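Below, read A as the first sequence line, B as the second, and so on, with proteins coming before strands; counting in each chain starts at 1. Keep in mind it's a predicted model, so treat the numbers as computed, not measured.
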Number of protein chains: 2
Amino acid sequence: MPSVPDVRLSPTSYVVLGMIALRGPSTPYDLKRAVGHSVGYFWHFPHAQLYSEPERLTDAGLLTCESETSGRRRKTYSITPEGRAALEAWIAEPSDSHFQIRDPAELKLFFNEVGNPDDVTRLAGQQIARHEERIALYEGMVERFGPDPADNPRLITLELGLEVEYATLRFWRALAAGDLAGLRKRRDLLDGPDVPDGTDTRPDQA
Amino acid sequence: MPSVPDVRLSPTSYVVLGMIALRGPSTPYDLKRAVGHSVGYFWHFPHAQLYSEPERLTDAGLLTCESETSGRRRKTYSITPEGRAALEAWIAEPSDSHFQIRDPAELKLFFNEVGNPDDVTRLAGQQIARHEERIALYEGMVERFGPDPADNPRLITLELGLEVEYATLRFWRALAAGDLAGLRKRRDLLDGPDVPDGTDTRPDQA
DNA sequence: GGACGCACCGTCCCGCTCGGACGGTCCGAG
DNA sequence: CTCGGACCGTCCGAGCGGGACGGTGCGTCC
């Protein structure tokens, strides 16, 4: 196996690698569309990177590139055994970091003290609408593929997306209704009132 | 009111503005710590930006800067009326974008087909532990401040964080147990089995 | 059937982001 | 006084982000 120049593989790298592994040889534009209606829903990747990243990965020996000569300039990338190995290694290795939720609305909520109170109400209304829309979208997808995740393993991720969307929706509805206590109560109903496990990680100062 | 050179205000900008609005005059290091045990939990901001961003904002007239002369070089930033106005305007204005969940684990799950099946099991186990830890941390914070969000409006955001953490935890537990159907069932129990509202946004191709 | 219009596709650019390395500062212990 | 370690600030280089721009192919209309 030829030695691979060490490159930093970012999440973007793995998305490219993964998409090509799942779909077979692809052009950047293929990737753009594939990402756009799958992982793109919860993690946005700007399209320009889907052009530059495969180049990097080709240099690193994880992809090979075939340029079309006639007509529209177009490059088709395929995954190499090294690429597949790198992808599998990443999947198998323990995850390094906790998730991030990048939600401007959440920031606005946090800083709501400086605005005026009914900003929060408006914000909540907006978020409710937004998340309802998302849920309808996701539910539609589930419906079109059948509810059984065995049919399409990629749909498992959709289920996670739905769970999070519903949770967020519940939160904003409770906030709009001024009933956060009810939210907590319903949560306990599902999970039991006790904190799960509780390693004694001490929360730090706030 | 002096005219303000137009600058792009990013979420980072508003975090800086917001933190200074809430806390009063602060040094970048103050901001770093304040962010670190609040918004930093769900949206990571690299510390270097908390030094450079206030500079930008000062140029834009949204902050003022006072340098300490003696001892350690240190700059204390305060918010100007223009800064506060910009912040309030942002809070009031409708949110532009949907949240993003940047979770490497979610990506790994999506690409699980290419790895081997028990990678998923290991992943689930890891995530369960990770989220339980987080929940314990957050619950600890809630406890220290009392459960009544009226006591501290900043804690409302914590409640959202908890809701999302619990949802995610439920998902990974269900996945580990091989019972995603049960997950869906419990969700219906909370929200009713019907898709909320459903604007007829058609899901696109998959 | 040439000219036009528009969707499709690829590239470039520039400012910001990111994380880590590095260096200075303060304070307590030895 | 000196040393060490926590505290604090700056710098740098690679990567990200998103929008502008330009080319390509195809259908349409005169």
Side-chain angles (χ1 to χ4, degrees), chain A residues 5-17 25-37 39-40 42-60 62 65-77 96-98 100 102 104 107 204-205, chain B residues 5-17 25-37 39-40 43-60 62 65-77 96-100 102 104 107 204-205:
Chain A
D6 67 322
V7 270
R8 281 220 179 293
L9 273 340
S10 64
T12 309
S13 314
Y14 291 110
V15 166
V16 169
L17 244 25
S26 311
T27 70
Y29 189 70
D30 292 336
L31 295 177
K32 171 176 143 58
R33 275 183 315 156
V35 167
H37 57 244
V39 287
F42 54 85
W43 190 330
H44 172 73
F45 298 93
H47 68 116
Q49 273 179 256
L50 299 179
Y51 287 87
S52 61
E53 190 62 28
E55 228 165 289
R56 260 167 43 82
L57 295 175
T58 302
D59 290 346
L62 306 180
C65 171
E66 189 159 359
S67 301
E68 199 142 324
T69 53
S70 68
R72 190 188 290 268
R73 70 225 124 128
R74 186 198 305 276
K75 289 170 184 164
T76 305
Y77 294 92
D96 30 324
S97 62
H98 198 73
Q100 284 187 56
R102 300 194 163 193
L107 291 180
D204 46 6
Q205 288 272 29
Chain B
D6 66 324
V7 270
R8 283 221 177 292
L9 273 342
S10 64
T12 309
S13 314
Y14 291 111
V15 166
V16 169
L17 243 28
S26 312
T27 69
Y29 189 70
D30 291 336
L31 295 177
K32 172 176 142 58
R33 274 184 316 158
V35 166
H37 56 245
V39 288
W43 190 330
H44 171 74
F45 298 93
H47 69 118
Q49 271 179 257
L50 299 178
Y51 287 87
S52 61
E53 191 61 29
E55 228 165 289
R56 258 167 44 81
L57 295 175
T58 303
D59 290 346
L62 306 180
C65 171
E66 190 160 358
S67 301
E68 200 142 323
T69 51
S70 68
R72 189 190 290 269
R73 72 227 124 123
R74 185 197 308 272
K75 291 170 184 166
T76 304
Y77 294 93
D96 32 323
S97 62
H98 197 73
F99 65 25
Q100 284 187 56
R102 300 194 163 194
L107 291 181
D204 47 7
Q205 289 274 24

Under 4.0 Å: is that the gap between some side-chain N or O of [X] and OP1 or OP2 of [N]?
X	N	answer
B/His44	C/dT17	no
B/Arg8	C/dG15	no
B/Thr12	C/dT17	yes
A/Gln49	D/dG15	no
A/Ser10	D/dC16	yes

(request) For C/dG30, give its Watson-Crick or G-U wobble partner with both distances under 3.5 Å, or none. (result) D/dC1

(request) Look at all strands and tell whether B/Ser52 reaches a base, only sugar-phosphate, or nothing, counting heavy atoms closer than 4.0 Å. (result) nothing

Rounded interatomic separation in angstrom, taking [atom1] from [X] and [atom2] from [N]:
X	N	atom1	atom2	value
A/Leu31	C/dT11	CG	P	13 Å
A/Phe45	D/dG19	CZ	C1'	19 Å
B/Arg102	C/dG19	CZ	P	10 Å
A/Leu57	D/dG15	CG	C1'	13 Å
B/Leu50	C/dT17	CG	P	10 Å
A/Leu9	C/dG19	CG	C1'	17 Å

(request) With A/Val16 as reference, evaluate A/Leu50, A/Leu62, A/Val35, A/Leu9 under the side-chain contact (heavy atoms from CB on, under 4.5 Å) test and give the passing residue. (result) A/Leu50

(request) Using atom types as modelled and distance alone, determine if a side-chain donor or acceptor of A/Arg56 lies under 3.5 Å from a backbone N or O of A/Arg8. (result) yes

(request) Could you tell me whether the side chain of B/Gln100 and the main chain of A/His44 form a donor-acceptor pair under 3.5 Å? (result) yes

(request) Classify the side-chain pair B/Gln49/B/Thr12 by whether it contains a donor and acceptor separated by less than 3.5 Å. (result) yes

(message) What's the separation between atom CG in B/Leu57 and atom OH in B/Tyr14, rounded to the nearest 0.5 Å?
(response) 9.5 Å

(request) Could you grab the distance from atom CZ of B/Arg102 to atom CZ of A/Arg102, nearest 0.5 Å is fine? (result) 4.5 Å

I'd like a list of close polar pairs between nucleotides 8-12 of chain D and the protein, N/O only, cut-off under 3.5 Å.
residue	atom	partner	partner atom	Å
D/dC8	OP2	B/Tyr29	OH	2.8
D/dC8	O4'	B/Arg72	NH1	3.2
D/dG9	OP2	B/Tyr29	N	3.4
D/dG9	OP2	B/Tyr51	OH	3.1

(request) Give the ring-plane orientation class for A/His47 versus A/Tyr51, where under 30° counts as parallel, over 60° as perpendicular and anything between as tilted. (result) perpendicular

